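What you see is a predicted model, and the numbers here were worked out from it, not measured in a lab.
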Amino acid sequence: MPKKIPLVDTDIHERVEYEELLEYLDEPFKHYIQNCHWIQEKHMPYTQPSIAGVDRADAVIPDGRPAGSDLSFMQEQLLDDVGHEFGILTGALDPSPSSMHGWHEMAAALASAYNNWQIDKWLDKDERLYGSVHVAAQDRDEAVKEIERVGDHPKMVQVLLPIDDIMWGDPYYHPIFEAAEKHSLMIGMHHNEPPVYYGRWPRYFIEWHTLIPTAHMKQVTNMIFNGVFEKFPKLGLMMIEGGFTFIPHMMWKMDQQYRDLRHEVPWLKRKPSDIMKEHVRFCTQPSEELNKKDFMSLIEQMGTEEMICFATDYPHWDYDSPHRALPNLDAGLKEKIYSENAKNFYPKIPDTREGYDEGTSRVSNSGHQAG
């Protein structure tokens with residue numbers, strides 16, 4: 001049986017059903033769901049990739065409820081089984097409140113209700129779990145109010161924004177980043193519907209799923225060249241569920257463009273690659289099947305071991321097991337990717353890390369400080 005790994009999992013999808021949100025919703029929004037049977041719009045035209053839709057078949061709750069909707073089942077199947085030290089919830093309100101194409105008042109009400117439900121039913125019931133602040137970012141001012149409302153909660157670690165057809169680096173959204181920085185929150189971005197073609201769908205699911213990294217590249221490029229991290233130097237960005245193998249290309253391309261066109265962005269005083277190394281992190285999932293030589297070549301091309309953080313993406317169909325997703329890495333690098341990088345990135349996650357030793361599953365606390 002695989003040994004347990006002390007892990008900080010940067011992408012766990014808990015799921016809420018609408019009836020669970022009713023107690024957290026005010027009128028008239030409660031009425032619209034309870035009596036008018038309102039549900040969020042869905043856009044994806046494709047069939048889902050597995051017999052359980054986008055989820056693992058074995059993650060569906062035995063009583064038939066959707067995967068990710070029961071804390072005790074997740075504890076048994078994921079947190080206890082793998083050996084999680086901490087896990088970050090990234091939600092499954094799909095589309096997210098920030099992706100609703102209209103009725104922003106309902107989006108804001110949903111975000112607030114979701115945050116209250118997440119705290120009450122998940123964060124307060126398992127010390128390993130940390131959360132993401134959901135906002136309706138189309139209404140920038142309401143998003144700031146929601147961050148002010150829950151941002152000081154000790155287990156909220158990031159503001160979650162969808163990768164959709166909004167480019168978040170636009171100065172219009174900078175008050176959201178100001179509020180996040182104020183409350184020691186990072187920004188998490190996760191692709192939503194649709195993340196490619198600037199709002200248009202490719203013909204097949206396989207195209208859409210292949211092109212997801214391009215959507216992540218758009219947002220990182222936009223955030224850097226619009227000076228977000230120069231303006232908010234304590235802010236960080238976690239790119240969730242887009243993989244990491246494209247990072248060297250993006251660094252090279254942005255640096256080249258900066259050399260040629262930096263007169264257009266005079267507020268940037270550093271190379272984009274240096275900004276990325278300091279402020280941007282990438283979840284490993286979905287990880288391509290790399291051997292150790294190819295994996296280490298990517299790390300060398302990045303110029304740092306600190307940019308990637310392990311994620312399972314539980315309970316999705318393309319879940320990455322910490323025992324199988326990455327090649328057999330040296331102990332020090334493994335500790336960084338599986339735990340230390342995330343702890344250094346998120347200020348609210350305790351630095352109670354455990355070191356790795358070759359051939360063992362756990363050793364005593366190392367006691368060293370974050371670098």
Side-chain angles (χ1 to χ4, degrees), residues 8-14 86-91 93 96-98 107-108 110-120 122-124 127-163 166 168-190 192 219-220 222-224 226-241 275-276 278-283 306-307 309 311 341-351 370:
V8 179
D9 189 343
T10 51
D11 186 23
I12 300 175
H13 292 281
E14 84 288 7
F86 301 111
I88 299 172
L89 300 177
T90 52
L93 265 178
S96 80
S98 291
L110 279 174
S112 293
Y114 195 95
N115 291 331
N116 290 343
W117 170 85
Q118 180 187 187
I119 292 168
D120 188 28
W122 292 78
L123 304 187
D124 287 350
E127 64 182 6
R128 294 168 292 186
L129 294 177
Y130 285 75
S132 303
V133 178
H134 292 252
V135 296
Q138 315 92 317
D139 188 332
R140 178 196 64 188
D141 296 337
E142 284 299 316
V144 169
K145 288 180 183 178
E146 184 63 13
I147 295 168
E148 294 289 352
R149 187 180 74 87
V150 297
D152 274 340
H153 192 284
K155 299 190 76 180
M156 287 293 198
V157 299
Q158 64 190 0
V159 176
L160 192 66
L161 297 175
I163 301 174
I166 295 175
W168 297 112
D170 190 301
Y172 174 81
Y173 299 104
H174 287 192
I176 293 174
F177 305 138
E178 181 179 12
E181 186 181 57
K182 174 183 174 183
H183 293 282
S184 299
L185 299 168
M186 302 293 103
I187 300 297
M189 290 191 187
H190 189 295
N192 212 54
Q219 293 290 352
V220 173
N222 179 254
M223 293 281 282
I224 288 176
N226 278 273
V228 171
F229 304 111
E230 304 298 279
K231 191 173 181 180
F232 306 106
K234 295 181 180 179
L235 195 69
L237 173 64
M238 179 67 77
M239 302 303 295
I240 304 166
E241 206 175 317
I275 297 173
M276 282 181 63
E278 182 176 346
H279 294 277
V280 186
R281 300 293 178 265
F282 299 82
C283 295
E306 299 175 357
M307 289 185 70
C309 303
N341 288 346
K343 289 180 178 179
N344 287 341
F345 180 76
Y346 291 110
K348 293 185 182 181
I349 293 183
D351 187 16

Do D11 and H13 have a side chain donor and acceptor closer than 3.5 Å? yes
Could you tell me which residues satisfy side chain to side chain donor-acceptor pair (under 3.5 Å) with H174, sequence neighbours excluded, listed by chain and number? K231
In this structure, CE of M307 is separated from CE of M276 (nearest 0.5 Å) by 4.0 Å
Minimum heavy-atom separation for C309 and A342, please, with both atom names. SG-N, 3.8 Å
Assess whether side-chain contact (heavy atoms from CB on, under 4.5 Å) is satisfied between V159 and E146, documenting all intermediate values. CA-CA 10 Å; V159 176; E146 184 63 13; over 6 Å; no
Could you tell me which non-hydrogen atom of L235 sits nearest to which non-hydrogen atom of L185, and how far apart they are? CD1-O, 3.7 Å
Take E178 and V144, measure what side-chain contact (heavy atoms from CB on, under 4.5 Å) needs, and give me the verdict at the end. CA-CA 9 Å; E178 181 179 12; V144 169; over 6 Å; no
So CG of D9 and OG1 of T90: to nearest 0.5 Å the spacing works out to 8.5 Å
Would you compute the distance between atom NZ of K343 and atom CD1 of I349 and round it to the nearest 0.5 angstrom? 8.5 Å
Between R140 (side chain only) and Y172 (backbone N and O only), is there a donor and an acceptor less than 3.5 Å apart? yes
Rounding to 0.5 Å, atoms CD (Q118) and OH (Y130) come to a distance of 13.0 Å
Under 3.5 Å: donor-acceptor pair, side chain of E181, backbone of K234: yes
I need the minimum non-hydrogen distance between M186 and F345, along with the two atoms involved. CG-CE2, 3.5 Å
Using side-chain heavy atoms (C-beta onward) and a distance below 4.5 Å, is M238 in contact with C283? yes
Donor-acceptor pair, side chain of K155 and main chain of L129, under 3.5 angstrom: yes
Take N116 and R149, measure what side-chain contact (heavy atoms from CB on, under 4.5 Å) needs, and give me the verdict at the end. CA-CA 10 Å; N116 290 343; R149 187 180 74 87; 3.0 Å; yes
Rounded distance [0.5 Å steps], OG1 in T10 versus CG in L89: 12.0 Å
For a 4.5 angstrom cut-off between non-hydrogen side-chain atoms, does M223 reach V220? no
Show the nearest heavy-atom pair for residues G188 and I240, with the distance to one decimal. CA-CD1, 4.1 Å
Looking at every non-hydrogen atom in both residues, tell me the closest pair between N115 and S132 and how far apart they are. OD1-O, 3.7 Å
Side-chain (Q219) to main-chain (I166) donor-acceptor, under 3.5 angstrom: yes
Does some side-chain heavy atom of H153 sit less than 4.5 Å from a side-chain heavy atom of D124? yes
Report the relative orientation of the aromatic rings in F229 and H279; use parallel for angles under 30°, tilted for 30 to 60°, perpendicular for over 60°. parallel
Answer yes if the side chains of R281 and N344 hold a donor-acceptor pair under 3.5 Å, and no otherwise. no
Between H134 and Y114, the two heavy atoms sitting closest are NE2-CE2, 3.4 Å
From the options N226, I187, L161, L237, select the one residue that forms a side-chain contact (heavy atoms from CB on, under 4.5 Å) with W168. L161
Could you measure the distance from the CD atom of Q158 to the CE atom of M156? Nearest 0.5 Å is fine. 10.0 Å
Looking at residues at least two apart in the chain, or sitting in another chain, which of them share a side chain to side chain donor-acceptor pair (under 3.5 Å) with E148? K182, H183
